[in-house]
Every structure is written in C-alpha cells, then in structure tokens.
Amino acid sequence: QVQLVESGGGLVQAGGSLRLSCAGAGRTFSLYTMGWFRQPPGKEREFVAAITWRVDSLQRTYYADSVKGRFTISRDNAKNTVYLQMNSLKPEDTAFYYCAAVRNPTYYSDFQKYDYWGQGTQVTVSS
C-alpha cells in the first residue's frame with residue numbers, strides 16, 4: 001500500500017516556475033515507478049512525466065513531448081518524495097496535477113495501469 005500527497009501547486013505567470021512535490025508513505029515506495037499526470041479543464045487526463053524506481057545509472061525518465069525541455073522529474077527515495085520542476089510555464093500547462101505510482105515500469109504513460117494516486121494539486125498559469 002502506498003499513500004501519496006501532492007503539494008506545490010498554485011498560480012503563476014507565464015514564463016514562471018513551480019515545483020510540485022509528491023510525498024509517499026509506505027515501505028515499498030522506492031520500488032514503484034512514479035508518474036505525474038495532469039487533467040486540463042474539460043479534457044482527458046494526460047501523461048506528463050515518469051521516473052523509474054532505480055537511483056543508479058539505470059534510472060530512466062520519460063516526458064510528454066509538450067513538456068520536454070521545460071519540466072524535470074526527480075525522486076529522493078530516502079525521503080519517499082518525487083518532484084516535478086516546471087519551468088517556462090505556459091497557459092496551456094494549466095491543469096490539475098496528480099502523482100501516481102505503478103509497479104510495472106512498462107506502463108509508465110498509461111494512467112489506467114497505475115496502482116495508487118494522490119489527491120492532486122491545481123496549477124494555474126496566467127498569460
């Protein structure tokens with residue numbers, strides 16, 4: 001069992017930055033691939049970024065094309081926390097952001113395969 005709690009959302013002007021955090025509880029947190037998803041108003045939930053459980057050179061990160069080069073996902077297993085650093089924010093990044101955990105890294109971009117979800121945090125980017 002893994003419990004997830006997001007924080008760090010808010011209102012920011014276009015071009016600004018925010019860092020989202022996702023604190024996990026549970027002994028097996030470090031074994032899960034962690035992902036960030038977002039749901040813009042009136043739209044489907046979409047993949048943003050994911051990071052595999054390893055912390056060595058075999059760790060992998062994945063990004064949606066829309067955020068590549070602007071967002072960075074990272075994790076600190078000692079703190080049971082995953083982060084999403086968001087730079088050069090655009091109005092189209094406005095959405096409710098969720099972190100989630102999946103045991104099988106193959107499904108990193110498929111929200112339907114994720115096992116655990118946080119409650120989400122709102123990010124609003126003004127133009």
Side-chain angles (χ1 to χ4, degrees):
Q1 188 78 6
V2 175
Q3 295 83 40
L4 303 171
V5 179
E6 301 95 334
S7 61
L11 173 64
V12 64
Q13 288 188 330
S17 298
L18 281 175
R19 189 176 82 154
L20 304 183
S21 298
C22 175
R27 293 181 298 170
T28 59
F29 174 88
S30 62
L31 299 181
Y32 282 79
T33 288
M34 299 299 298
W36 286 96
F37 292 79
R38 66 187 183 187
Q39 188 160 12
K43 296 185 178 181
E44 297 286 314
R45 191 169 301 192
E46 61 185 30
F47 169 72
V48 175
I51 185 166
T52 57
W53 67 272
R54 298 185 70 106
V55 292
D56 57 14
S57 60
L58 296 180
Q59 184 181 74
R60 294 292 179 264
T61 57
Y62 306 94
Y63 298 94
D65 288 343
S66 59
V67 307
K68 204 170 292 184
R70 300 188 296 122
F71 290 11
T72 302
I73 189 171
S74 62
R75 68 189 295 164
D76 184 339
N77 285 343
K79 296 182 179 179
N80 277 8
T81 302
V82 62
Y83 305 97
L84 185 68
Q85 178 66 44
M86 305 185 295
N87 299 328
S88 303
L89 283 162
K90 304 175 181 180
E92 51 264 43
D93 294 318
T94 294
F96 213 71
Y97 283 70
Y98 299 88
C99 76
V102 63
R103 191 65 181 89
N104 189 333
T106 302
Y107 303 122
Y108 69 87
S109 65
D110 185 348
F111 76 89
Q112 294 182 325
K113 298 293 188 181
Y114 273 69
D115 302 298
Y116 303 103
W117 290 84
Q119 83 289 349
T121 185
Q122 177 68 41
V123 171
T124 303
V125 184
S126 63
S127 57

(request) Check whether any side-chain heavy atom of Leu20 sits under 4.5 Å from a side-chain heavy atom of Trp36, and report yes or no. (result) yes
(request) Answer yes or no: is there a donor N or O on one side and an acceptor on the other, between the side chain of Gln3 and the main chain of Gly24, under 3.5 Å? (result) no
(request) Take Tyr108 and Phe47 through the ring pair (Phe, Tyr, Trp, His ring centres under 6.0 Å) test and state the conclusion after the steps. (result) CA-CA 9 Å; Tyr108 69 87; Phe47 169 72; 5.5 Å; yes
(request) Using side-chain contact (heavy atoms from CB on, under 4.5 Å) as the criterion, list what pairs up with Val125, not counting sequence neighbours. (result) Val12, Ala14, Leu89, Pro91, Asp93, Thr94, Val123
(request) List for me each residue that meets side-chain contact (heavy atoms from CB on, under 4.5 Å) alongside Ser88, sequence neighbours excluded, and say none if there are none. (result) Arg70
(request) Could you grab the distance from atom OG of Ser109 to atom CD of Glu46, nearest 0.5 Å is fine? (result) 12.0 Å
(request) State whether the side chain of Ser21 and the backbone N or O of Tyr83 hold a donor-acceptor pair below 3.5 Å, judged by distance alone. (result) no
(message) With heavy-atom distances below 4.5 Å as the criterion, would you say the side chains of Ser66 and Arg38 are in contact?
(response) yes
(request) Begin with the C-alpha distance, continue with both residues' side-chain angles, and end with the deciding distance and a verdict on ring pair (Phe, Tyr, Trp, His ring centres under 6.0 Å) for Tyr114 and Tyr116. (result) CA-CA 6 Å; Tyr114 273 69; Tyr116 303 103; over 10 Å; no
(request) Keeping to residues at least two apart or across chains, list the disulfide bond (SG atoms under 2.5 Å apart) pairs with something in residues 16-79. (result) Cys22-Cys99
(message) Can you tell me how far apart CH2 (Trp53) and OG1 (Thr33) are? Round to the nearest 0.5 Å.
(response) 9.5 Å
(message) Please enumerate all residues that pass side chain to side chain donor-acceptor pair (under 3.5 Å) together with Ser126, with sequence neighbours excluded.
(response) none
(message) Holding to side-chain contact (heavy atoms from CB on, under 4.5 Å), I want the full list of residues that pass it with Asn77, two or more places apart in sequence or in another chain.
(response) Phe29, Ser30, Val55, Arg75
(message) I'd like to check Asn104 versus Lys113 (side-chain heavy atoms, cut-off strictly below 4.5 Å). Are they in contact?
(response) no
(request) Would you give the length of the straight line joining atom CZ of Phe71 to atom CG of Asn87, rounded to the nearest 0.5 angstrom? (result) 8.5 Å
(request) Could you tell me the separation between the CE atom of Met34 and the CG atom of Asn80, rounded to the nearest 0.5 Å? (result) 9.0 Å
(message) Run the side-chain contact (heavy atoms from CB on, under 4.5 Å) test against Phe111 and tell me which residues pass, sequence neighbours left out.
(response) Phe37, Arg45, Trp117
(request) Would you check if there is a donor-acceptor pair between the side chains of Thr81 and Asp76 at a distance under 3.5 Å? (result) no
(message) For Leu84, run the side-chain contact (heavy atoms from CB on, under 4.5 Å) check against Ile73, Val67, Leu18 and tell me which one passes.
(response) Ile73
(message) Is it the case that atom NZ in Lys43 sees more than 12 heavy atoms from other parts of the structure closer than 6.0 Å?
(response) no
(request) Using a 4.5 Å cut-off on heavy atoms from C-beta on, say whether the side chain of Arg60 contacts that of Tyr62. (result) yes
(message) Nearest 0.5 angstrom please: Met86 CE to Thr72 OG1, how far?
(response) 11.0 Å
(message) Checking the side chain of Glu6 only, and the main-chain atoms of Gly120 only, is there a donor and an acceptor separated by less than 3.5 Å?
(response) yes
(request) Indicate yes or no: at least one non-hydrogen side-chain atom of Tyr32 is less than 4.5 angstrom from one of Asp115. (result) yes
(message) What's the separation between atom CD in Gln119 and atom OH in Tyr98, rounded to the nearest 0.5 Å?
(response) 9.0 Å
